Amino acid sequence: MSKSSQYGTTRRARRSKQYIRVTSDDDDQELDDIPLMIGETTFDMDDESDSLVRPKRHRRPNQSRLSFFFEGCCGVCAREKIYKSRVVPIGLEPNKDEKFPKNVIRNQKYSIISFIPKVLFEQFKFFLNLYFLVMATSQFIPAIRIGYLYTYWGPLGFVIFVTMCREALDDYRRYRRDKEANSQKYKKLTRDGLISIPSSDIKVGDLIQVEKDQRVPADMIFIRTTEKQGACFIRTDQLDGETDWKLRLAIQNTQRLVSNVEILDIRAQLYAEAPQKDIHNFVGTFRRTDDEVYEDSLTVDNTLWSNTVVASGIALGVVIYTGSETRSVMNTSQPKSKVGLLDQEVNTLTKFLFFAVLVLSFVMMILKGFAGPWYRYLFRFVLLFSYIIPISLRVNLDMGKAAYSWFIMRDKIINETIVRSTTICEELGRISYLLSDKTGTLTQNEMIFKKLHLGTVSFTPETADEITQHLNLMFGQKEDPGQTQQPFLGPSMTPTRGPVRRTVVTRVYEAVRAIALCHNVTPVFEDDEDVNFDDTEADRQSRQTVVYQASSPDEVALVKWTESVDLTLVKRDLNSMQLRTPSGSIVKFQILQVFPFTSETKRMGIIVKEEDTGEITFLMKGADVVMTTIVQYNDWLEEECGNLAREGLRTLVVAKKVLTEEQYQEFEIRYHQAKMSTQDRNAKVQAVIESLERDMELLCLTGVEDKLQEGVRPTLELLRNAGIKVWMLTGDKLETAICIAKSSKLVSRLQDIHTFGTVIGRTDAHLELNALRRKQDAALVITGNSLQVCLKYYEHEFVELACQCPSVVVCRCSPTQKADIVKLLRNHTGKRTCAIGDGGNDVSMIQAANAGIGIVGKEGKQASLAADFSITQFSYIGRLLLVHGRNSYKRSAALSQFVIHRGLIISTMQAVFCAVFYFASVALFPGFLMVG
């Protein structure tokens, strides 16, 4: 084929939008021939894929062409920054002269130079204001002046002045908050000791010491801590929205040093990957080259991200990312000015009215005749008929917005509500989608143990004294078996198979002991100057307040409950655990293995060895969907799990298995071999663990309640009846999100829940979307990773199917993904969106929505300060949207129609007046009618 014919064929193919895709994946080629089921018509998958490969810029709904043009120009001028990996020296390692961003926080929208140009551009990019400016400027020409200058410039100047004052005040407040954050003092380790420096002076490579309950100023690698085990807990609520404490591990080589000062005398370096938004992953290495070469890999467990809080001990870290390269800043979008849909509609209506003014002026000129300076007469007619679009329209609307804000803040039913953006009150009455955070917004972050079920009997907090009596009896038998007539059924005699009936006392003992051991909770005692370090942990606890640290609030609730029944966790480290019995004695256990909870396995396990008896026990707890196949046959687990779920409780199934020394040694050998393999390591490790998870003895079923905010259920029902669809976006686990969706009645009892499967590639996304298409009236639950893959290949189809669902739950999503979901709904549906949250991780989502609402809660005021509206509890949103929002929208619409209709009447009278007096361009009314 010749080049010309080939070019012609390609050009014809482009006209018909039939692109030829070349891929090495045969499955994708076969998949292209399979239509995705979307109603009656099939979808051309090539078009969607090509639009994603070669993305085109599209003008947003109601976006003016002028702003679209300027955005395109800015995109060409401002190239995307390229991030690079870096090597950070430590101690005597020579420092390379590299430049990195300053460690400053800047949330301001304007600078001293850009303030006036930006504000004027934001105002005059709308046709309504630009039209007023042209009309006012024309009055400086004597030949076409038809009124007093103040009648034109007075209202326009007033509007611009008020807008500039409001923007200046808001930006000054942002400047004050930024200055306060940048001036916070931190301790830097130098050869002269610890010196205090402000946060803005921290640089890459600095050794920064962070105290307990102090925020981390920059992204750091954790190298030392005062905790003996070389690990500490951090709170990440302002980063990912999870109030669970995360365990972070210091580098073992530097943790073994005698003091912090010795770090300055070693020769080492850190390799850190290029900065990115992913807060859950990190790739790095630590290399020491002084005495002997030591290398260690670094993961996210060795990091302290900026804006997290150290919850235990004192942490020493080396800074790797600062300023705009930190994870928290990269996941936060810059604030933008929001314009209400009503203002955009009035702006569009102004264009039609201006066209009507031109038509009417040309008609008057045709009747008058184009004699003499006709262009001057034409312009004077345009000015005379401009009453149709009076300048007072903008003034009246702005005064109305101020009144609406005053009404909201004076409403005693929703006390302490603050309006931070007075320009979008009407948006509250036009919301179609409400996107809500879970932790701290729908829930109170308070986990409470509610029920312990043993199959034939259940216990609640009200009957905790019965459990305490059973434990006293059992531990008394264990310490002195000869004091009772009933022989003690010791742990070594406990059968794991066979239909052996036991007393309730024995079953309660085994269940409570399993709950007290199967977890990752660490007790921490508050510092006390009068503490005698020769005392035991039990004596220390009797005088101090204990704080439980864990990666899951459910585990903390369970351990607190065991403490309430006098089986208390008094000490926990990486290798051992100690429990205090009701009689006050200490029982010691050795931790042999820990299998942490993951979203894939949905269970966690631990192997412990009791020091007194030498018994080795494998304990496990997890979700009922996976534990049902692991435990021995029973006839009550499934039924009781359903009963607890209907009560809105989060259920965990607890089981155990007693191992002999030979069984454990065999398992340990196979487990070690699996961990040392380089190929398919995770699959091999999981296979070895699953070989142990067979025929386990079912001990109990626990129910924990995550307390909802006051009035959440009736508020969600009210919003649903008003036609507002609610989406829940959370960084929490899938099981937790489903449980809260059920308990909050976001998903009604009669609705099915469709859990979107794990999606890795295009084929998986295609199959899962087909499965979702077959569901009718089912709530959708999807993870952030699966959502990202679906949007990569089938963005239009996914949004279309998701919008048909009565409610959507997105779990394990990052702050950036929350904002992207909001933008996705805005662009694809054109409907008004509202986002509500209470943490720093919700700021991007709040700023991306048409109306952002922040809740003042336990996670601080960061979301409240960045939002357009601030409330104190979720239930206030019902009155805010359905009463104040609706009234504001109706009043502004009526006001706009009244002003425009009045202008039409005046213009009609002006046209009749001109026609009577031989089409003379003379004003009928005084110019001050333009004012209002």
Side-chain angles (χ1 to χ4, degrees), residues 233 235-237 241-247 311-312 438-440 442-454 458-465 467-468 471 508 511-524 541 545-570 572 577 579-580 596-597 602-606 619-624 627 640-641 643-645 647-655 699-709 730 732-733 735-740 742-744 857-859:
F233 283 92
R235 297 197 302 268
T236 62
D237 49 10
E242 297 185 31
T243 55
D244 311 344
W245 290 8
K246 308 295 191 304
L247 184 67
S312 64
K438 178 190 72 69
T439 309
L442 297 177
T443 65
Q444 297 182 19
N445 296 338
E446 294 182 7
M447 303 295 177
I448 300 177
F449 185 90
K450 284 294 185 180
K451 186 169 290 188
L452 174 70
H453 209 292
L454 303 179
S458 64
F459 298 92
T460 61
E462 289 75 18
T463 57
D465 54 342
I467 298 179
T468 305
L471 293 179
V508 167
V512 176
R513 195 185 74 146
I515 295 173
L517 291 174
C518 187
H519 54 73
N520 273 316
V521 180
T522 303
V524 176
Q541 186 198 23
T545 303
V546 64
V547 177
Y548 293 112
Q549 299 174 349
S551 59
S552 171
D554 301 74
E555 293 192 328
V556 174
L558 293 174
V559 172
K560 284 184 176 180
W561 176 77
T562 61
E563 180 186 3
S564 68
V565 294
D566 293 341
L567 188 60
T568 308
L569 176 68
V570 295
R572 167 74 181 263
M577 191 186 314
L579 299 179
R580 187 178 65 188
F597 179 92
K602 300 180 182 180
R603 57 189 181 272
M604 73 87 58
I606 186 171
L619 301 171
M620 175 172 288
K621 66 181 180 185
D624 58 299
M627 295 295 291
E640 293 303 331
C641 284
N643 294 335
L644 294 184
E647 295 177 20
L649 302 181
R650 303 165 67 163
T651 58
L652 283 175
V653 180
V654 183
L699 295 180
C700 64
L701 176 66
T702 64
V704 178
E705 179 187 23
D706 188 357
K707 291 189 66 176
L708 297 174
Q709 292 275 3
T730 176
D732 218 331
K733 305 177 184 67
E735 294 78 16
T736 306
I738 294 177
C739 184
I740 296 301
K742 291 179 179 178
S743 61
S744 65
K858 295 182 180 180
E859 297 186 17

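We count residues from 1, following the sequence as given. Model, not experiment: these values are computed from the prediction.
- Under a 3.5 Å cut-off, the side chain of Ser312 and the backbone N or O of Phe233 do form a donor-acceptor pair.
- Applying the ring-ring contact (aromatic ring centres under 6.0 Å, His included) test to Phe449 and every residue at least two apart in sequence or in another chain returns Trp561.
- Nearest heavy-atom pair, Val653 versus Cys641, reported as atom, atom and distance to 0.1 Å: CG2-SG, 4.4 Å.
- Between Arg572 and Val521, the shortest heavy-atom distance links the atoms CG-O, 3.2 Å.
- Residues satisfying the side-chain contact (heavy atoms from CB on, under 4.5 Å) criterion with Thr443, sequence neighbours excluded, are Lys438, Asn445, Asp706, Leu708, Ile740.
- Legend: residues meeting side chain to side chain donor-acceptor pair (under 3.5 Å) with Ser564, ordered by chain and number and at least two apart, are absent.
- Annotation: side chain of Ile448 is not in contact with side chain of Pro461 (no heavy-atom distance under 4.5 Å).
- When every heavy atom of Asn520 is checked against every heavy atom of Glu555, the shortest pair comes out as N-OE1, 3.2 Å.
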### Message
Apply side chain to side chain contact (heavy atoms under 4.5 Å, CB included) to residues Ile515 and Leu452 and explain how you reach the verdict.
### Response
CA-CA 10 Å; Ile515 295 173; Leu452 174 70; 3.9 Å; yes
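- In this structure, the side chains of Lys621 and Leu558 come closer than 4.5 Å at one or more pairs of heavy atoms.
- For Cys518 against Ile606, the heavy-atom pair with the smallest separation is CA-CG2, 3.7 Å.
- Distance OG1/Thr460 to NZ/Lys450: 9.0 Å, rounded to 0.5 Å.
- With hydrogens and angles disregarded, no donor-acceptor distance shorter than 3.5 Å links the side chain of Thr463 to the backbone of Phe459.
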### Message
Working note: Val512 + Leu471, criterion side chain to side chain contact (heavy atoms under 4.5 Å, CB included); need CA distance, chi angles, decisive distance, verdict.
### Response
CA-CA 9 Å; Val512 176; Leu471 293 179; 3.9 Å; yes
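- Residues meeting the side-chain contact (heavy atoms from CB on, under 4.5 Å) test with Ala516, sequence neighbours left out: Thr562, Leu567, Leu579.
- Pairing each heavy atom of Val559 with each of His519, the nearest pair is CG2-CD2, 3.7 Å.
- Here the OG1-CG distance, from Thr651 to Asp624, works out to 4.5 Å after rounding to the nearest 0.5 Å.
- Listed here is the closest heavy atom pair of Ala623 and Leu652: N-CD2, 4.4 Å.
- Taking Val556 as the reference, Tyr548, Ala550, Lys560 meet the side-chain contact (heavy atoms from CB on, under 4.5 Å) condition, with sequence neighbours excluded.
- Side-chain contact between Val508 and Leu454 is present, with at least one heavy-atom pair separated by less than 4.5 Å.
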